[in-house]
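Keep in mind that what you see is a predicted model, and the values were worked out from it rather than measured. Hydrogens, waters and symmetry mates play no part in the numbers below; they use all other heavy atoms, side chains included.
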Amino acid sequence: MAATGSAPWQPQENGLKEICGLLEQHISPSSLADKSQIWQQLQHYSQFPDFNNYLVFILARAEDKSVEIRQVAGLLLKNNLRTSYKIMAPAHQQYIKSELLPCLGAADKHIRSTVGNIITVVVQLGGILGWPELLQAFVNCLDSNDLNHMEGAMDALSKICEDIPQVLDSDVPGLAERPINIFLPRLFQFFQSPHASLRKLSLGSVNQYIMLMPSALYTSLDKYLHGLFGLANDPAAEVRKLVCAAFVQLIEVRPSVLEPHMKNVIEYMLQVNKDTDDEVALEACEFWSAYCDAQLPPEILREHLPRLIPVLLSNMVYADDDESLIEAEEDESLPDRDQDLKPRFHTSRFHGSDDAEDDDDDSFNIWNLRKCSAAALDVLSNVFGDEILPTLMPIIQAKLAATGDEAWKDREAAVLALGAVGEGCINGLYPHLSEIVAFLIPLLDDKFPLIRSISCWTLSRFSKFIVQDSGHQQGYQQFDATLMGLLRRILDTNKRVQEAACSAFATLEEEAAEELAPRLEVILQHLMCAFGKYQRRNLRIVYDAIGTLADAVGGELNQPVYLEILMPPLIAKWHQVPNSDKDLFPLLECFTSIAQALGTGFSQFAPPVFQRCINIIQSQQLAKVDPVSAGVQYDKEFIVCALDLLSGLTEGLGSGIESLVSQSNLRDLLLQCCMDDASDVRQSAFALLGDLARVCPVHLHPHLSEFLDIAAKQLSTPKIKETISVANNACWAIGELAIKVRQEISPIVMSVISCLVPILQHVEGLNKSLVENSAITLGRLAWVCPDLVSPHMEHFMQSWCIALSMIRDDIEKEDAFRGLCAMVRANPSGALSSLVFMCKAIASWHEIRSEELHNEVCQVLHGYKQMLRNGAWDQCMSALEPPVKDKLSNINTVGIFCASSDCIGAAIRIKANIDRWSWVFPRQSISVFLS
């Protein structure tokens, strides 16, 4: 295909004709040719060194061909360059660049746009320095006064600003100033262009630099703001949208820049929030949440609330073309389409106080003005609270009072608004809560499905308070009416209502917990009826509602009458769904919650569930290396879900799972999962490792050293912040293993300690649970191996004690303090420099329930008090806040100074320890140390 000789490259006629023919067949809808074969042929040609030259020639010079053929040649060239540009011969690179530049002024805008895309890729791969002619070509085009040339250069420049803005704000050898300094004045100039396309492209380009804020823009902010105000009422909606976007970004990044102009900006945003173009209004609506998030003085916005709130409520009414209006007509008899099924992602198991939050259910739906307005009202209610109610409530009441079918959208928007402020304005709404709930419950049976669905959601927003009030008769009647009303709607024939009711009921379940017990039978009957009739999309929400119910009521579920309703349909589905079907994910998650709730009551169902999890992990590990032999395509989520269900089984069955583990190869599979390259697989694997360590550590023994080594490595990675959940679970698992295998953990103790200490000393930006688990695991290691850990305690005592003081009272905290006491016994001098922090950590206990630990802690305090004489102890105590001193005094009084006979043995032990400490640490040296 290549042309010969040293003359400038020219295409061969036959090759050119053949490639054009293939491109034409590829884009022709009437072509009978096999598109995949054509694509393979084009890919084959890509192996020739000058194939990309042919493509750029067709794009730039084949004016006898259709624009579509030239454009597809350009798109193919762009994709090829992404993978091959850096290994192309310099002569071919230069030819392509030389052909692209003249096309900046091509007559057809599609050709110009395609050229802009390719130029951006070349700059991305070769940099500005690799194309010195480009900047001058841009300047020439921008200064040409020819619309095609100006648009072509501006289009390419805007794409560079969008994809790789930093390249224009970098020093370029041979240039006296950065490229951004050259272009920014020209971009500002185009703000005043008579051509809307140039105003749009120039403003969009400058907006890309708000986040980066190069010095060139920072020093020109006044000019930029002047330009924005000049474009504020631009006749082109796309330009007005960009003006709004600029103000939103500025208030997020540089709110101080807008503060002197804030009243004018707010006035403008109020105006465009009512723009006839929904996209402009949507962009403007983002401003209100951004203002509140920027923590600017609320006073400036407060005076505008009486005008802003009606605008938001007006925009919360369904638009005539809203997709939800069409979806609302779908009843349960219509099968789900593939596009109806939202992508779902399983969240790996996480041990600690910062469990991952649920994904926003709206993330898959289109964000629109209605949703943005409701979100803004929600944020405003959290900032201004009950202040907004005098403006808001008369509008809501007026909309709710509107009668007739034609007013249903206004009524629906009013219910949405009530739910949006349900949390932020609860103090003002609470006295009227029973009236609000009494009004909402009949709306659950409204003739319009979208009113039924929004009423479900709004009731869920008040569910916490509905449950709180259920302690008296009227409150319980409303709670029961809400519960039964949502259950009725769960069996609605409308899919949208089913979804809203199921989600709302799951929220109510979380709040009500054991209050649901008297109604368990009727709840299960409704949920399992829904389980039998729902389509695939809503079936996933039923699984969640069943799992949430199990989490809420726990062991109450473990009764034959309930299990008879619940388990047969689930087991039938369990057998029906194959191992390769992603519908298995929510079913596995549901079984996880049920296993944990039933505890040993799940034993009758456990063997087949356990074995299937093993089979899933095995087949997926095989599929990773040989999908043909496995018979399934690899998908790590199957492994994650199976591991998490095994964790649920372990937690539920306790030691009862030992017989299942002993007869399986789980230990070997788990070891592989702990070494997996996918972080979420490792995360769930270490969670299971910790759970197994609790109930059957003997079965981990053959691979104990390997498990410990791999877990320790998760804490030493330099990128720990990127895999923080893996590190968290690995840390927790090490601690669980430590208290079971005791001295056998000693080979890795110091390597783990060396990883935990930096975590405790640099907690900024780290997950709270990782810090807590690090403190607990360090304490557990100190408990089982005090002689190894205590010599180093002075290096970490302060940060460790700070972390311990933040942990809630529980068994794990008890273990950590046993480690503290063991270290102090082994090396009392190691804690002296951090004694104040240790006292604060001890005072963080609400109540030490373990009498043994309580006495140990008292020994530590009393030992130091006896040692630190000549006012040293009082000096230490003077550094503590009064509540801390009171707490320590109470602990000492209860534990040591009481007159009961129970304390005599403790006092003897204290005396023995004081004598030991006196020998280790003479009085004089203590005084010297403290001075």
To the nearest 0.5 Å, what is the distance between [atom1] ([X]) and [atom2] ([Y])?
| X | Y | atom1 | atom2 | result |
| --- | --- | --- | --- | --- |
| Asp386 | Ile426 | CG | CD1 | 9.0 Å |
| Ser205 | Lys200 | OG | NZ | 10.5 Å |
| Thr391 | Leu312 | OG1 | CG | 11.5 Å |
| Leu440 | Leu433 | CG | CG | 9.0 Å |

Test log, rule side chain to side chain donor-acceptor pair (under 3.5 Å), inputs Asp446 and Trp408
CA-CA 10 Å; Asp446 195 273; Trp408 78 265; over 6 Å; no

Any side-chain donor-acceptor pair under 3.5 Å between [X] and [Y]?
| X | Y | answer |
| --- | --- | --- |
| Asn728 | Ser769 | no |
| Gln498 | Asn538 | yes |
| Gln474 | Asp469 | no |

Looking only at non-hydrogen atoms, find the nearest pair between [X] and [Y] and report the distance.
| X | Y | result |
| --- | --- | --- |
| Tyr209 | Cys161 | CE1-SG, 3.6 Å |
| Val317 | Ala413 | CG2-CB, 3.7 Å |
| Glu515 | Ser470 | OE1-OG, 4.3 Å |
| Ser381 | Ala420 | OG-O, 3.9 Å |
| Leu203 | Leu231 | CD2-CD1, 3.8 Å |
| Ala501 | Ile490 | CB-N, 3.6 Å |

Side-chain donor/acceptor of [X] to backbone N/O of [Y], under 3.5 Å:
| X | Y | value |
| --- | --- | --- |
| His472 | Gly475 | yes |
| Ser805 | Ile802 | yes |
| Asp234 | Val239 | no |
| Asn315 | Asn273 | yes |
| Thr458 | Ser455 | no |
| Gln478 | Ser434 | yes |
| Arg489 | Val497 | no |

Once the angle between the rings of Tyr476 and Phe479 is folded into 0 to 90°, is it parallel (under 30°), tilted (30 to 60°) or perpendicular (over 60°)?
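Taking Phe479 first and then Tyr476, their aromatic rings sit tilted (interplane angle of 30° to 60°).
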
Heavy-atom check, side chain of Lys399 versus side chain of Glu412, under 4.5 Å
no

Can [X] and [Y] be counted as an ion pair, charged N to O under 4.0 angstrom?
| X | Y | result |
| --- | --- | --- |
| Asp405 | Lys447 | yes |
| Arg199 | Glu238 | no |
| Arg240 | Glu279 | no |
| Asp322 | Lys371 | no |
| Asp278 | Arg370 | no |

Centroid separation Phe229 to Tyr268 less than 6.0 Å
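No, too far apart.
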
Ring centres under 6.0 angstrom apart (Tyr430, Phe462)
no

Report the C-alpha separation of Glu423 and Lys464 in whole Å, then their side-chain angles, then the decisive distance to 0.1 Å, and conclude whether the salt bridge (Lys or Arg N to Asp or Glu O under 4.0 Å) test is met.
CA-CA 10 Å; Glu423 293 180 1; Lys464 175 182 177 180; over 6 Å; no

Could you walk me through whether Lys241 and Asp275 pass salt bridge (Lys or Arg N to Asp or Glu O under 4.0 Å), step by step?
CA-CA 10 Å; Lys241 179 181 173 183; Asp275 200 283; over 6 Å; no

Apply the salt bridge (charged side-chain N to carboxylate O under 4.0 Å, His left out) test between Glu499 and each candidate in Arg452, Arg537, Arg540; give the one that qualifies.
Arg537

Salt bridge (Lys or Arg N to Asp or Glu O under 4.0 Å) partners of Asp810, counting only residues at least two apart
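Per chain and number, Asp810 pairs via salt bridge (Lys or Arg N to Asp or Glu O under 4.0 Å) with no residue.
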
